[in-house]
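Notes follow once the structure below has been shown.
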Amino acid sequence: RFSEFSRTSSNMAAIMAARGQRQVQDFDFFVVVDFEATCVKDARIFPQEIIEFPAVLVDGATGRIESAFRRYVRPKHHPVLTQFCRELTGIRQEDVDGGVELGEALWMHDSWLKAATAGAGSLAVVTWGDWDCRTMLESECRFKGIEKPSYFDRWINLRVPFQAALGGGGRVTLQEAVRAAGLDWEGRLHCGLDDARKTARLLVELMLRGVKMTITGSLASPPPIHQKQQLPQLLPSSYMISPCGGSPGTCFCYCRVPTRGGVVSVPGPMQGKCFFGCGNWTPAMGPVCPYFVWTN
């Protein structure tokens, strides 16, 4: 299936070369990622962990798909996938059992990327939405103490240039966007590699239409903290956020607001454990920043 995709990308490269309105991109390469993670039906799982790490490399000048990468990742805190997760993603229990830890997956991805690009040229990470880099990868690396390559700290949310070029309000899904661009929907929805391939096809289609890709999201460095009294107290000091009995009055997330606490209720090895996370978390939008620590 990947060889067919490569032939299609070669045709796209020829079309791009022939179109005069093609924009010269600021990046030599685009690396498209679409993580899949542990999940349960109709509930949140803490901590959520990446279980599929896929990437597709696109040449920024020609639109050619140069290479693809995939590693399954073995979750540590919820090692047994739920039936819902298996059915949603198509990932089997034996896939993650034979997978690698996230730190090793990051190292393997970085080695693949350096080999595929010959270690030269500028690159930008491309996602569909901000969840992959802003929330999922960043939060898991933080609570596991894993160092990740700095190129994951900024990215292009392809939904932004897609809506600028083709319109559509609200949260347009990848499937809707692919069809709106006149492309066929192929592969399995929520298979990380298939979704990364489709995002790459959409990226190339937007490039064909003369859209110039620019960075849309980045991780702001946590503000330097020298004295606790310099932090704004946006909630009364007596306000108790944590149901664990702790007081977060002097504990702030990266948003510079008091953290929000909770208890893992999903059955499993982490059930009953307490944590503090982003104080701006809402059920609809999730966390604003990736702050996350266990309290016991």
Going by the rule side chain to side chain contact (heavy atoms under 4.5 Å, CB included), which residues pair with Arg154 if we only count those two or more places apart in sequence or in a different chain? Phe27, Ile215, Ser218

Is there side-chain contact between Val96 and Pro75, with at least one heavy-atom pair below 4.5 Å? yes

For Glu94, check side-chain hydrogen bond (donor to acceptor under 3.5 Å, both in side chains) against everything at least two apart and list the hits. none

Report yes or no: does Arg74 contribute a side-chain atom to a donor-acceptor pair with the main-chain N or O of Gly99 at less than 3.5 Å? yes

After noting the C-alpha distance and the side-chain angles of Ile156 and Thr214, does the key distance pass the side chain to side chain contact (heavy atoms under 4.5 Å, CB included) rule? CA-CA 6 Å; Ile156 298 169; Thr214 58; over 6 Å; no

Residues Asp153, Lys148; criterion salt bridge (Lys or Arg N to Asp or Glu O under 4.0 Å); working and verdict: CA-CA 9 Å; Asp153 289 345; Lys148 60 182 171 62; 2.4 Å; yes

CZ of Phe30 to CG of Leu123, rounded to nearest 0.5 Å, is 9.5 Å

Nearest heavy atoms of Val56 and Ala200, plus distance in Å: CG1-CB, 3.9 Å

Do Met213 and Leu203 come close enough that some side-chain heavy atom pair is under 4.5 Å? yes

Specify the closest pair of heavy atoms between Ala68 and Leu193, including all atoms of both residues, with the distance to one decimal. CB-CD1, 4.4 Å

Can Val211 be reached from Trp128 by stepping across I, L, V, M, F, W or Y side chains whose heavy atoms are under 4.5 Å apart? yes

Should Trp112 and Tyr151 be counted in the same cluster of Ile, Leu, Val, Met, Phe, Trp and Tyr side chains packed under 4.5 Å apart? yes

Students often mix this up, so state it plainly: with edges at 30° and 60°, are the rings of Phe35 and Phe53 parallel, tilted or perpendicular? perpendicular

Nearest 0.5 Å please: distance from the CD atom of Glu138 over to the CG atom of Asp130. 13.0 Å

All heavy atoms of Val32 vs all of Ala196, minimum pair found to be CG1-O, 3.5 Å

If only atom types and distance count, is the side chain of Thr38 paired as donor or acceptor with the main-chain N or O of Gln48 below 3.5 Å? no

Side chain to side chain contact (heavy atoms under 4.5 Å, CB included) between Asp28 and Thr117, worked out: CA-CA 9 Å; Asp28 297 308; Thr117 62; over 6 Å; no

Check: Glu66 side chain, Ala116 main-chain N or O, donor-acceptor pair, under 3.5 Å: no

Return yes when atom CD of Glu101 has more than 12 non-hydrogen atoms of other residues, nucleotides or ligands closer than 6.0 Å, and no otherwise. no

Can we say Arg197 and Asp34 salt-bridge, meaning some charged N sits less than 4.0 Å from an Asp/Glu carboxylate O? no

Closest approach of Leu102 to Cys141 (non-hydrogen atoms, all atoms of both residues): CD2-SG, 4.2 Å

Separation between CD1 of Ile50 and CG of Leu106, rounded to the nearest 0.5 Å: 7.0 Å

Please report the shortest heavy-atom distance between Pro149 and Asp110, naming the atom on each side. CG-OD1, 4.0 Å

Out of curiosity, Cys85 SG to Glu36 CD, how far, rounded to the nearest 0.5 Å? 8.0 Å

Give the intermediate values and the outcome of salt bridge (Lys or Arg N to Asp or Glu O under 4.0 Å) for residues Glu52 and Arg70. CA-CA 7 Å; Glu52 184 185 358; Arg70 174 162 67 179; 3.2 Å; yes

Quick check: does any side chain N or O of Thr82 sit under 3.5 Å from a backbone N or O of Cys39, one acting as donor and the other as acceptor? yes

In Å and rounded to the nearest 0.5 Å, what is the NZ to CZ distance from Lys198 to Arg179? 10.0 Å

For the side chain of Asp194 and the backbone of Arg188, is there at least one donor-acceptor N/O pair under 3.5 Å apart? yes

Using 0.5 Å steps for rounding, measure from the CG atom of Asp195 to the OG1 atom of Thr127. 12.5 Å

Could you tell me whether the side chain of Arg134 reaches within less than 4.5 Å of the side chain of Leu219, counting heavy atoms only? yes

For Trp107, does the CH2 atom sit with more than 12 other heavy atoms under 6.0 Å from it, leaving out its own atoms? no

Give a yes or no answer on whether the side chain of Gln175 reaches the backbone of Trp185 with a donor-acceptor pair at less than 3.5 Å. no

Joint cluster assignment, Ile91 & Val80, ILVMFWY side-chain distance < 4.5 Å: no

Examine Val100 and Leu113 and state if one hydrophobic cluster contains both, with Ile, Leu, Val, Met, Phe, Trp and Tyr joined whenever side-chain heavy atoms are less than 4.5 Å apart. yes

Once you measure the plane-to-plane angle for Phe152 and His109, does it fall in the parallel (<30°), tilted (30-60°) or perpendicular (>60°) bin? tilted

For atom NZ of Lys76, is the number of surrounding heavy atoms from other residues, nucleotides or ligands below 6.0 Å larger than 12? no

Following the transitive rule for hydrophobic clusters with a side-chain heavy-atom cut-off under 4.5 Å over Ile, Leu, Val, Met, Phe, Trp and Tyr, establish whether Leu88 and Ile51 coincide in one cluster. no

Dump the intermediate steps for side chain to side chain contact (heavy atoms under 4.5 Å, CB included) on Lys273 and Phe46, then the final yes or no. CA-CA 9 Å; Lys273 290 204 67 173; Phe46 294 99; over 6 Å; no

Quick check on Lys114: does its NZ atom have over 12 non-hydrogen neighbours (other residues, nucleotides or ligands) under 6.0 Å away? no

Under 3.5 Å donor-acceptor, Arg201 side chain and Asp184 backbone: yes

Tell me, please, which residues at least two apart from Ala180 pass side chain to side chain contact (heavy atoms under 4.5 Å, CB included). Phe162

Looking at Arg159, is its backbone amide N or carbonyl O close enough to the side chain of Asn157 to form a donor-acceptor pair, meaning the two atoms are under 3.5 Å apart? yes

Whether Glu205 and Arg209 form a salt bridge (side-chain N of Lys/Arg under 4.0 Å from carboxylate O of Asp/Glu) is what I want to check. yes

How close do Asp59 and Thr62 get, counting heavy atoms only, and between which atoms? OD1-N, 3.2 Å

